[in-house]
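First listed ligand is number 1; within each ligand, the first listed atom is number 1.
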Amino acid sequence: MAKIKTKDKTVLRSLGLGGFFGGGSEGMVDVKDGKIVRIRPMKYGWKYKKEEVRQWKMERDGKFIEPTWKSLPGPFSLAYKKRVYSPNRIKYPLKRVDWDPNGERNPQNRGKSKYKRISWDEATDIVAGEIKRIHKEYGPYAILMQGDGHGECKTINTPHGHSGTLLDRLGGFTIQVRNPDSWEGWYWGAKHVWGQGVQGNMWPAANIVNDTTEHAEMVLFWGCDPETTPWGFTGQFPSRLCYFWAECGIKQVYICPDLNYGAAVHADKWIPVLPNTDAALQLAIIYVWITENLYNKEYVATHAVGMDKIEEYVLGREDGVPKTPAWASKKCGVPEWTIKALAREFGKKITSIAHYFGGGFIRGPYSHENARLEVIMLGMQGLGGPGVHHHQLTYFGMPRKDGLAGTFFWNPEIEERLSVPVMSSVTAWQEQVIPKTLIHKAIESDEPITFFGTGAIEALVKDQFNEYTYPIPKEKGGSEIHMMWTDTPCRITCWNGGNETELAMRNPKIETIVAQHPWLENDCIYADIIFPVNTYMEVDDILTNIRQGTMQPNIMIADKAIEPVGESKSDFEVVVEVAKKLGLEQELTEGLTVFDMQKKVWGYMGGENLVPWEQLKEKKYWMYNTAENWKDDPPGFRQFYEDPENNKLPTPSGKLEFYSESLAKAFPNDLERPPIPKWIEKSAMHDERLSSHRAKMFPLILMSNHGRWRVHSQCDDITWTREAPTCKVLGPDGYKYEPMWINPREAEKRGIKNGDIVKMYNERGIVLFGAYVTERLREGVVYADHGARHDPIKTGEIERGGAINTISPAGITSENCVGQATTAYLVQVEKLKGEEMDRWRREYPEAFQREYDHAAGLRFDAWVVEGDE
Ligand SMILES: Nc1nc2c(c(=O)[nH]1)N[C@H]1C(S)=C(S)[C@@H](COP(=O)(O)OP(=O)(O)OC[C@H]3O[C@@H](n4cnc5c(=O)[nH]c(N)nc54)[C@H](O)[C@@H]3O)O[C@H]1N2
Ligand SMILES: Nc1nc2c(c(=O)[nH]1)N[C@H]1C(S)=C(S)[C@@H](COP(=O)(O)OP(=O)(O)OC[C@H]3O[C@@H](n4cnc5c(=O)[nH]c(N)nc54)[C@H](O)[C@@H]3O)O[C@H]1N2
Ligand SMILES: [Mo]
């Protein structure tokens, strides 16, 4: 029988959606007749034999685990062709119908009025003209560059920051500083206890997965879902590791408000805590340890400073309130006896704590307190000793390559040498900065704003003590911003104060907003000019897949799979097109072809020491060997554990600082981040506890995790995943609503049934959801993921798409920490009344008339009035 040809070619892709960190989740893409027909996991044996690659192996009691010989991408990665061919793709350049650069700009209609098709020539003329005009009128700092998101894994065509390269050549810009959104608490808190680290993580952190595998008796998954978030960047290997640990008899305890997907299959015990009340639970654990003599006093005496202050506070000598389990139970919702049992078991068993990043534990108001308390708890149990580690990302890290001695962690040196994109200037630092968490405030305020620390991901601890002002003085070129250029248009759905942000983007001070993006979604609908960008399937690239969690590190050449959709161009090409109009084309491209660039990137990776260029070009990938002696690297803090005098930590005292002298000196009046971590009930910045008078109106705590079926705002239009009942809930009106989890008893009180359209609200606005009634969420809480596609009924007030961050607090982590606090805040929920929906339909008819694809959501045409398909 004749063989049916199912494909014309196969190309490799890194399917993770981490973006700026390099690749992960490798896959193979089959193409036929110029179309993607399927995406499948990568078979590492495609061009290499297993014997050619030295693999690592972790063992315990004769059992072992090794990396799989096939990659394990998450579901949205395998379904990505639906994203590439989404009816939401932007097909040609667009201009807002009522925005005229030479006349009326109508900023008040952003987010409301539609777009018409224009040519590339017209679009680039307008943008180049606007840059010149703004520079002349206000100076270069009047342009805000927003280019800092996650995204598709690309190196040459890195998803973000190309406009910064151009603007930098033209004299600079105002940089939107991406806050350490994933690890707020570690950054603003833990760094003050154990020193610099990488973004606040424990550092060094080599080989801790192996050491935990060999020695731990228990792992606490504290705000961690290893069956969900590893998917976003590197795939499903952690799932296997958890099963292996279970086989080895390592007890797995999950501490989280929801029975998350990891807990559902791996937990020996689930402890449902109320969101962001972990500090109370932690303090009570410490109370039990002190009163029952269950901690390592010798280690604390030689490795830490400030235990006396902790003791005074915990026993109640400082404020008259002993932090007993009974005290904590009222705050965190965990029964007193469970707290005691947990404390005793933790105190007696060899225990590690695992996070991917930490969820609400690390991303709610005052999250630095939870983070600091965790380091103190681990310190009290001999951090760095056999099986006693803090796992963060590293938990999913696997042994590495030759020459790195099997380091398990994201060493900044490695990252710089091997994986940071070289072609864009995401990090072209500028004098005038605005932390991403303060964008709305910076725009709306008529006075200069000040803040401590830029929040830059790579900044040293000392940056947290510097005071900054926006705008900088006029003499130094300072100016308020008047134009925004974004390639990361998801500020509304992913960051704090979404509704405030919507209104800020309508501020007449902002004369021009330019967006470049593959999909017409989220902040794009506030832009005046939109450039169509293509996806990673439509470009040639090269990648290092060595992200911290990659089980089989490799380098790959990612050949173009298909031709660009519509008139789209790569992010880099978009900026080059604008540069042409400013006479700067050569400056940006340096006359290099894509193939020259691939080779340049390979060189930058240190390629000549790894794999000959010819071999890489021919086979398209190359796999790292694990160092033979990788287990010799001391795990985590082992050297500090063994000899603290000769292996000091990078803190002022060289020890774990349970009490921080530096914080005491710099911020003597900071009640939210005092020198020792405390339980903070409320503050001027946040009043989001159940004890608040606000809870009378808003009696539920909203928890907001990372979407299982998307990566933040990415992939919300994938038809296959949208069929899952935990992805979207089909409303009686045919609209697919974002799910909101609610406990059956909370639902019953409100007359809510599974599948009902519900409205969630607080003083900041209203968001609609489809109810998902489940015992997997404790009482007192409702849960909705962030990142759902913004679909305003009324801008700044009513949201239909489920973009939960529209009603998140506009404030920051705490007074002196410009992090986000986007989860664990008060809301109320009720069944949406038919009359109310009917009234909105009458008052805001255009919001209900947008073209809608029942499988994928809003279509491109929803926002376009002129121009054909
Ligand atoms: N409520 C709540 N909010 C949260 C969190 C939470 O836990 N709860 N978590 C926070 C965290 S940790 C993070 S990291 C942030 C989200 O982090 P972000 O990085 O802001 O979100 P993403 O949606 O991943 O990607 C950013 C944007 O880049 C776009 N993009 C992807 N690839 C490309 C490309 O090749 N070119 C262009 N031009 N654009 C591209 C995406 O479509 C999206 O618009 O959310 C934060 N917000
Ligand atoms: N599928 C998918 N994967 C992703 C991403 C994504 O959006 N989707 N995003 C990527 C990014 S940028 C990041 S930063 C990481 C995020 O990784 P994480 O921070 O680990 O992810 P979250 O989903 O925010 O939180 C993990 C779990 O914490 C628990 N939790 C929530 N609030 C609290 C709390 O207050 N206390 C306690 N004790 N537990 C709590 C919940 O059970 C939740 O499932 O994931 C990355 N991977
Ligand atoms: Mo993140």
Side-chain angles (χ1 to χ4, degrees), residues 16-20 74-76 83 147-154 157-160 162 178-184 220-234 254-263 271-278 281 332 354-364 367 370 392-393 436 486-491 493-496 498 515-519 521-524 531 533-536 539 570-571 574 701-716 781 783-787 804-805 808 820-825:
L17 292 165
F20 53 79
F76 39 72
R83 180 82 164 140
D148 54 42
H150 287 294
E152 296 184 343
C153 293
K154 294 175 281 195
N157 302 287
T158 177
H160 306 293
H162 295 279
R178 187 188 177 95
N179 57 299
D181 47 77
S182 318
W183 51 86
E184 307 291 9
L220 303 177
F221 289 76
W222 206 312
C224 182
D225 184 356
E227 293 289 344
T228 295
T229 47
W231 298 3
F233 299 159
T234 49
Y254 276 68
I255 303 169
C256 40
D258 55 332
L259 187 84
N260 66 30
Y261 297 87
I271 301 181
V273 65
L274 283 167
N276 196 31
T277 59
D278 302 85
L281 177 60
C332 69
H355 310 277
Y356 193 67
F357 277 100
F361 172 87
I362 217 66
R363 232 169 275 127
S367 54
N370 304 337
Q392 188 190 337
L393 277 175
K436 194 159 185 172
T486 181
D487 61 31
T488 312
C490 62
R491 176 69 184 70
T493 194
C494 288
W495 258 262
N496 56 321
Q516 57 182 79
H517 202 236
W519 306 276
E521 56 194 25
N522 302 318
D523 304 5
C524 283
F531 289 118
V533 167
N534 50 33
T535 68
Y536 60 14
V539 295
S570 82
D571 281 290
V574 168
I701 308 183
L702 180 272
M703 172 180 77
S704 190
N705 300 342
H706 287 227
R708 181 173 178 79
W709 305 110
R710 54 176 184 256
V711 178
H712 315 297
S713 69
Q714 303 184 75
C715 301
D716 205 33
V781 186
Y783 155 42
D785 292 320
H786 77 279
I804 182 64
N805 280 5
S808 71
Q820 63 170 267
T822 43
T823 180
Y825 54 86

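Annotation: salt bridge (charged side-chain N to carboxylate O under 4.0 Å, His left out) contacts of D716 (sequence neighbours excluded): R710, K728. Partners of P489 according to the side-chain contact (heavy atoms from CB on, under 4.5 Å) rule, which considers only residues two or more places apart in sequence or in another chain, are T486, H517, D523, C524. In this structure, D785 has no salt bridge (charged side-chain N to carboxylate O under 4.0 Å, His left out) partners at least two apart in sequence or on a different chain.
Within 4.0 Å of ligand 2, heavy atoms belong to protein residues F76, H150, S182, W222, G223, C224, D225, T228, T229, G232, F233, I255, C256, P257, D258, N260, V273, P275, N276, D278, Y356, F357, G358, G359, G360, F361, R363, M703, N705, H706, G707, R708, R710, V711, H712.
Proximity of H160 to ligand 1 is established by a heavy-atom distance of less than 4.0 Å. T488 counts as a contact of ligand 1, since one of its heavy atoms falls under 4.0 Å from the ligand. Ligand 1 is never approached by I804 to a heavy-atom distance shorter than 4.0 Å.
Side-chain atoms of Y825 and S808, non-hydrogen and from C-beta on, do get closer than 4.5 Å to each other.
Taking the six-membered ring where tryptophan is involved, the planes of F357 and F233 are perpendicular, since the angle between them exceeds 60° and thus also 30°. A parallel orientation is assigned to the rings of F361 and H355, their planes being inclined by less than 30° (bins at 30° and 60°).
Considering backbone and side-chain N/O of W495, none are found under 3.5 Å from N/O of ligand 1. Of the N or O atoms in Q516, one or more lie within a sub-3.5 Å distance of an N or O in ligand 1. Residue R178 has at least one nitrogen or oxygen atom sitting less than 3.5 Å from a nitrogen or oxygen atom of ligand 1, judged on distance alone.
Every atom of ligand 1 with a heavy atom of G151 under 4.0 Å away is listed here by number and element: 31 (C), 32 (N). For ligand 1 and E152, the ligand atoms under 4.0 Å from any heavy atom of the residue are 31 (C), 32 (N), 35 (O). Residue contact check: K154 has heavy atoms under 4.0 Å from atoms 34 (C), 35 (O) of ligand 1. Set against the non-hydrogen atoms of N805, the atoms of ligand 1 under 4.0 Å away are 1 (N), 2 (C), 3 (N), 4 (C), 47 (N). Atom numbering of ligand 1 starts at 1 in the shown order; those under 4.0 Å from a heavy atom of D487 are 37 (C), 38 (N), 39 (N). Each of the atoms 32 (N), 33 (C), 34 (C), 35 (O), 36 (N), 37 (C), 38 (N) of ligand 1 lies under 4.0 Å from some heavy atom of P159. Near R83, the atoms of ligand 1 lying under 4.0 angstrom from a non-hydrogen atom of the residue are 42 (O).
Atom CD1 of I362 is separated from atom OG1 of T823 by 12.0 Å, given to the nearest 0.5 angstrom. Taken from CD1 in I255 to CD1 in I271, the straight-line distance is 5.0 Å, to the nearest 0.5 Å.
Comment: K436 engages D148 in a salt bridge, judged by a side-chain N to carboxylate O separation of less than 4.0 angstrom.
Closest approach of D225 and G262 over heavy atoms only: OD1-N, 2.8 Å. Across every non-hydrogen atom of V533 and V574, the tightest pair is CG2-CG2, 4.0 Å. A pairwise comparison of heavy atoms in N157 and H162 identifies C-NE2, 3.8 Å as the closest pair. H786 and S704 make their closest contact through N-OG, 3.5 Å (heavy atoms, listed as atom of the first residue, atom of the second, distance).
With a heavy-atom cut-off of 4.0 Å, Q820 touches ligand 1 through its side chain alone.
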